[in-house]
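Each residue takes its place number in the sequence, starting with 1. Remember, it's a predicted structure, so these values are computed and weren't measured experimentally.
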Amino acid sequence: MNDISELEQAIIDAIKTVFDPEIPVNVYDLGLIYHIDINENAEVHVDMTLTSPGCPVAQSLPLDVADAVRAVAGVHDVDVELVWDPPW
């Protein structure tokens, strides 16, 4: 995948396989992914939030997103940052 937009779409598709366990909706369509940045080295940075600061999957959900993105062909590295602004 040479085109960043193709890579971005593949990343979005991968993120859509990660579901919030309390709500049967994937984290992308739920609006928990705020930003996806892909640099020229195919290193990906994702800003995401949770449904609440006390979310029971606060430790595992960002790791699930990172694993899904890391599995996309062409991605060299991924960093998922949990953010609280703007509030969900």
Side-chain angles (χ1 to χ4, degrees):
M1 287 183 210
N2 294 334
D3 187 2
I4 289 293
S5 63
E6 287 180 27
L7 182 57
E8 182 176 25
Q9 187 57 56
I11 290 167
I12 290 169
D13 291 344
I15 291 172
K16 285 184 175 185
T17 68
V18 180
F19 283 77
D20 184 299
E22 296 179 323
I23 305 169
V25 178
N26 71 69
V27 296
Y28 188 86
D29 289 338
L30 191 56
L32 300 182
I33 303 299
Y34 285 160
H35 184 75
I36 300 170
D37 183 50
I38 308 165
N39 71 16
E40 63 278 352
N41 296 320
E43 298 165 335
V44 180
H45 179 86
V46 178
D47 286 340
M48 71 171 291
T49 195
L50 301 172
T51 54
S52 72
C55 181
V57 292
Q59 299 288 327
S60 63
L61 201 56
L63 296 174
D64 292 344
V65 170
D67 289 344
V69 173
R70 192 172 288 111
V72 173
V75 170
H76 291 229
D77 195 19
V78 61
D79 174 52
V80 176
E81 184 176 355
L82 203 52
V83 298
W84 301 107
D85 190 43
W88 184 73

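- Taking all atoms of both residues into account, the shortest heavy-atom contact from Ala66 to Val78 is O-CG1, 3.6 Å.
- Ile23 is connected to Leu32 through a chain of hydrophobic side-chain contacts under 4.5 Å among Ile, Leu, Val, Met, Phe, Trp and Tyr, so both are in one cluster.
- No side-chain heavy atom of Asp64 sits less than 4.5 Å from a side-chain heavy atom of Val27.
- Nearest heavy atom pair, residue Val25 against residue Leu30, reads CG1-N, 3.8 Å.
- Between the Asn39 side chain and the Asn41 main chain, a donor and an acceptor come within less than 3.5 Å of each other.
- No side-chain donor-acceptor contact under 3.5 Å links Thr49 to the backbone of Trp84.
- The two atoms that bring Pro62 and Val57 nearest to each other are CD-O, 4.0 Å, heavy atoms only.
- A salt bridge between Arg70 and Asp67 is present, with a side-chain N of the basic residue lying under 4.0 Å from a carboxylate O of the acidic one.
- Heavy atoms only, all atoms of each residue included: Gly74 and Ala42 are closest at O-CB, 3.1 Å.
- For Ala73 against Leu7, the heavy-atom pair with the smallest separation is O-CD1, 3.7 Å.
- By the rule that hydrophobic residues join a cluster once side-chain heavy atoms approach within less than 4.5 Å of another member, Leu50 and Phe19 end up as members of separate clusters.
- A heavy-atom distance below 4.5 Å is not found between the side chains of Ile15 and Asn26.
- Residues Met48 and Leu82 have side chains in contact (heavy-atom distance under 4.5 Å, counting atoms from C-beta outward).
- The distance from atom CG of Asp20 to atom OG1 of Thr51, rounded to the nearest 0.5 Å, is 5.0 Å.
- The shortest heavy-atom contact between Ile38 and Ile11 is CD1-CD1, 3.7 Å.
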